[in-house]
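All values reported here derive from a predicted model rather than from experimental measurement.
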Amino acid sequence: MTSSFNYQRFCRLARWTWAIDRPYTRKSFLAALSCIVVIFQIPNFFWLMTSSDVERDFPVIFASFWFLAAIVISGGMMFYSFKDHRDGFRELHLLPASNLEKFILRYLMTVLVQLAICLIAFLISDVLQYLVGWLTGREPLTWVISDIIRDWGNVHRAVNDYQTTAPENSYNASGFAMLSIILWLHTFLLLGCNFFRSIKFSWAFGILAALLIFLFLIAVVPADVIKFFTHDQPLLLAAILVVLSIANVILAYRLFCRRLHIARFINWF
C-alpha cells in the first residue's frame, strides 16, 4: 500500500488533516491578514497626512511580490503545521493511508491553503482599504485588484527589461523562462523540506541552497553560455527547468518515504 492510491481513503485522510491543521491555518490567516491590511492602508495614511496619493502603487507592487513569494516559499512548508517533529511524523506514519496519498495531501494542503490564505486576506484588505479611502475622501479611489490587472504588464517590465532589446516573441519566451524559474524554486524548496530534518527552517535552508547554486553557476558558467540560455534560447532554459522541477518532485517523494523513519539532521543515505 506504500505507493497505491485510493480516492475514498484519500478523502478520509484529507478530513483528518484539515481537522489537525485548522488551528495553524487560522493563525496563518490572521497573521497574513494583519500584515496585508497594514500595507494596503498606506495610501490612506499618506492621503490623511499630506492629501497626496504618491504611495498608491505600493500596495500593487507589494501584493504582486507577496503572491509570488507565497508560491515559492509554500513548497518548503510541507510540514510547517506540525507542532512537534517526532510526534507529527509518528502520527503521519501511523495513518491508514499510502505514502503517495500522504505526500500528495501534505503538498496540496500546504500549497492550496497558503495560496487561499493569501487570496482571502488580499480581498478582505482590498475591501477595507477601499472603505477607509471612501470614508476619508481619498482621490483617486481605486481597487488594488483593478490596479494589478491594469499594471500587470508594468510589473513584468519592472522585473525583466527584455522587451526593449528583443522581439515580442522572444519576450514571451522569456516570460515562460521566468515562470519556469519560479516553478523550479518552488519544487527545490519542496525537495529541501524533505531533505532537511528541521521543520521551521527547512524553507530557509532551501532558499540558501538555491542562492548558493545560482552564485556557483554565475561564477563557473561562461557569460556566453548564460547569454545563450537567457537571451537567445529562453524556451530551452524553460524546458530544462521544467524537467529539473519534475525531478525535484520525484526525489522529494522518495525522500518523503524515507523521512518517516529517519531521525538525522539530513534525510540521506
Side-chain angles (χ1 to χ4, degrees), residues 2-5 10 13 17 21 24 28 65-82 84-86 88-93 95 97-115 117-118 176-221 229 236-269:
T2 57
S3 60
S4 61
F5 186 89
F10 182 80
L13 179 63
T17 303
D21 290 355
Y24 166 77
S28 299
F65 282 97
W66 176 289
F67 192 73
L68 291 177
I71 294 176
V72 173
I73 297 178
S74 62
M77 302 178 67
M78 192 173 184
F79 311 108
Y80 213 76
S81 60
F82 287 175
D84 181 81
H85 175 270
R86 296 183 181 274
F89 278 99
R90 186 181 299 112
E91 293 176 359
L92 186 63
H93 176 64
L95 289 176
S98 66
N99 290 337
L100 180 61
E101 293 166 350
K102 297 174 185 177
F103 178 81
I104 294 176
L105 183 61
R106 290 306 311 177
Y107 174 76
L108 291 180
M109 288 292 293
T110 300
V111 176
L112 295 182
V113 168
Q114 292 300 320
L115 295 183
I117 285 175
C118 293
F176 286 111
M178 289 294 296
L179 292 177
S180 63
I181 291 176
I182 295 175
L183 175 64
W184 179 83
L185 287 173
H186 174 81
T187 59
F188 187 79
L189 293 185
L190 174 65
L191 175 62
C193 77
N194 285 279
F195 180 78
F196 293 105
R197 179 187 176 189
S198 173
I199 296 177
K200 300 299 182 182
F201 303 102
S202 58
W203 64 270
F205 290 142
I207 292 178
L208 179 60
L211 289 176
L212 292 176
I213 291 175
F214 279 123
L215 292 176
F216 175 79
L217 292 176
I218 293 175
V220 174
V221 178
F229 283 105
L236 179 59
L237 174 63
I240 294 175
L241 290 175
V242 169
V243 173
L244 292 177
S245 300
I246 296 174
N248 286 340
V249 174
I250 295 175
L251 184 56
Y253 170 68
R254 294 178 64 87
L255 292 177
F256 171 82
C257 295
R258 297 186 69 255
R259 181 171 182 149
L260 299 178
H261 311 282
I262 295 297
R264 295 190 295 270
F265 177 71
I266 59 175
N267 182 11
W268 200 244
F269 299 102

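The CG atom of D21 lies 4.5 Å from the CZ atom of R106; values are rounded to the nearest 0.5 Å. For the atom pair CD1 (I104) and OG (S98), the distance works out to 7.5 Å, reported to the nearest 0.5 Å. With rounding to the nearest 0.5 angstrom, the CG atom of L68 is 9.0 Å from the CG atom of L179. Taking CD of Q114 as the start and OG1 of T110 as the end, the distance is 7.0 Å to the nearest 0.5 Å. To the nearest 0.5 Å, the span separating CE on M78 from CG on L105 amounts to 8.5 Å.
Counting all heavy atoms, side chain and backbone alike, G75 lies closest to C193 at O-SG, 3.7 Å. Scanning all heavy atoms of the two residues, the minimum distance from N194 to A252 falls at CG-O, 3.6 Å. I73 and L189 make their closest contact through CA-CD1, 3.8 Å (heavy atoms, listed as atom of the first residue, atom of the second, distance). Scanning both residues, K102 and A97, for their nearest heavy atoms gives CE-O, 3.2 Å.
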Would you tabulate the side-chain donor-acceptor contacts of residues 236-247 under 3.5 Å, counting partners in other chains and residues two or more places apart, or write 'none'?
unit_1 : atom_1 : unit_2 : atom_2 : d
S245   : OG     : W184   : N      : 3.4
S245   : OG     : L241   : O      : 2.7

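Partners of I117 under the side-chain contact (heavy atoms from CB on, under 4.5 Å) rule, at least two apart in sequence or in another chain, are T25, S28, F29, A32, V113. Every residue meeting the ring-ring contact (aromatic ring centres under 6.0 Å, His included) condition with W66, not counting sequence neighbours, appears here in chain and number order: F62. The side chain to side chain donor-acceptor pair (under 3.5 Å) search around T187 returns N248, not counting sequence neighbours. With sequence neighbours left out, L115 forms a side-chain contact (heavy atoms from CB on, under 4.5 Å) with F67, A70, I71, V111. Remark: F103 pairs with Y253, F256 by the ring-ring contact (aromatic ring centres under 6.0 Å, His included) rule, at least two apart or across chains.
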